[in-house]
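Here, residue 1 is the first one in the sequence, and each next residue gets the next number.
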Amino acid sequence: QLQLVESGGGLAQPGGSLRLSCATSGFTLYYYAIAWFRQAPGKEREGVSCISGSNGSTDYADSVKGRFTISTDNAKNTVYLQMNSLKPEDTAVYYCAAGPYYCTGYVGYDYWGQGTQVTVSS
């Protein structure tokens, strides 16, 4: 059974860092794209970043470019989201999801984790 489990969320100060992990099981990362989404209270869910398991190609939302880095450790079946220079507007529940072979956007992701809360506040 295909599963994704997020971890690493918590409280960070503005300007601080957090690293989220998405541990996957039941499938081979090579054949999927993994994306991170987030949803803040009262807002729609938005795609933050994605990575293609086969070739490592990546994409980032404009709001996080230069601050967030997505990476994958295929041996550990885990995808990471390194978040630096955090801002209060990054506060949200962050989800990872598995989807189409290549990271070409933020649609078509059929398998989701349960989410992890990230709060950026002083």
Donor-acceptor pair, side chain of R67 and main chain of S85, under 3.5 angstrom: yes
Minimum side-chain heavy-atom gap S52-Y101 below 4.5 Å: no
Common cluster, Y109/Y31, ILVMFWY with side-chain heavy-atom separation under 4.5 Å: no
Linked, directly or transitively: Y102 and Y60 (ILVMFWY side chains, under 4.5 Å): yes
Path from L4 to V118 over hydrophobic side-chain contacts below 4.5 Å: yes
Ring centres under 6.0 angstrom apart (W112, F37): yes
Evaluation steps, salt bridge (Lys or Arg N to Asp or Glu O under 4.0 Å), between K65 and D62: CA-CA 5 Å; K65 278 181 183 176; D62 287 343; 3.2 Å; yes
Candidate list E46, E89, E44, test salt bridge (charged side-chain N to carboxylate O under 4.0 Å, His left out), partner R38, passing option: E46
Polar side-chain atom of Q82 near backbone of T69 as donor-acceptor pair, under 3.5 Å: no
Steps toward side-chain contact (heavy atoms from CB on, under 4.5 Å) verdict (V120, K87): CA-CA 6 Å; V120 183; K87 303 176 181 180; 5.6 Å; no
Atom of Y94, atom of M83 and distance for their closest heavy-atom approach: CE2-SD, 3.9 Å
side-chain contact (heavy atoms from CB on, under 4.5 Å) assessment of Y111 paired with Q3: CA-CA 7 Å; Y111 306 97; Q3 289 187 321; over 6 Å; no
Verify same cluster id: V64, L81 (apolar side-chain graph, 4.5 Å): yes
Polar side-chain atom of T78 near backbone of K76 as donor-acceptor pair, under 3.5 Å: yes
Shortest non-hydrogen contact between Y32 and A98, atoms and distance: CD2-CB, 4.2 Å
Within-4.5 Å side-chain heavy-atom neighbours: C50 and Y106: yes
Side-chain (T116) to main-chain (G9) donor-acceptor, under 3.5 angstrom: yes
Reported CG-to-OG distance for the pair D90 and S121, which is rounded to 0.5 angstrom: 12.5 Å
Least distance between heavy atoms, Q39 atom then Y95 atom: CB-CE1, 4.5 Å
ILVMFWY network linking F68 to I70, side-chain heavy atoms under 4.5 angstrom: yes
C103 vs I51 side-chain heavy atoms within contact, under 4.5 Å: no
Min side-chain heavy-atom separation V93-R45 under 4.5 Å: no
Sequence neighbours excluded and cut-off under 3.5 Å, please list the side-chain donor-acceptor pairs for residues 10-30, or say none.
residue: S17; atom: OG; partner: N84; partner atom: OD1; Å: 2.9
residue: T24; atom: OG1; partner: N77; partner atom: O; Å: 2.7

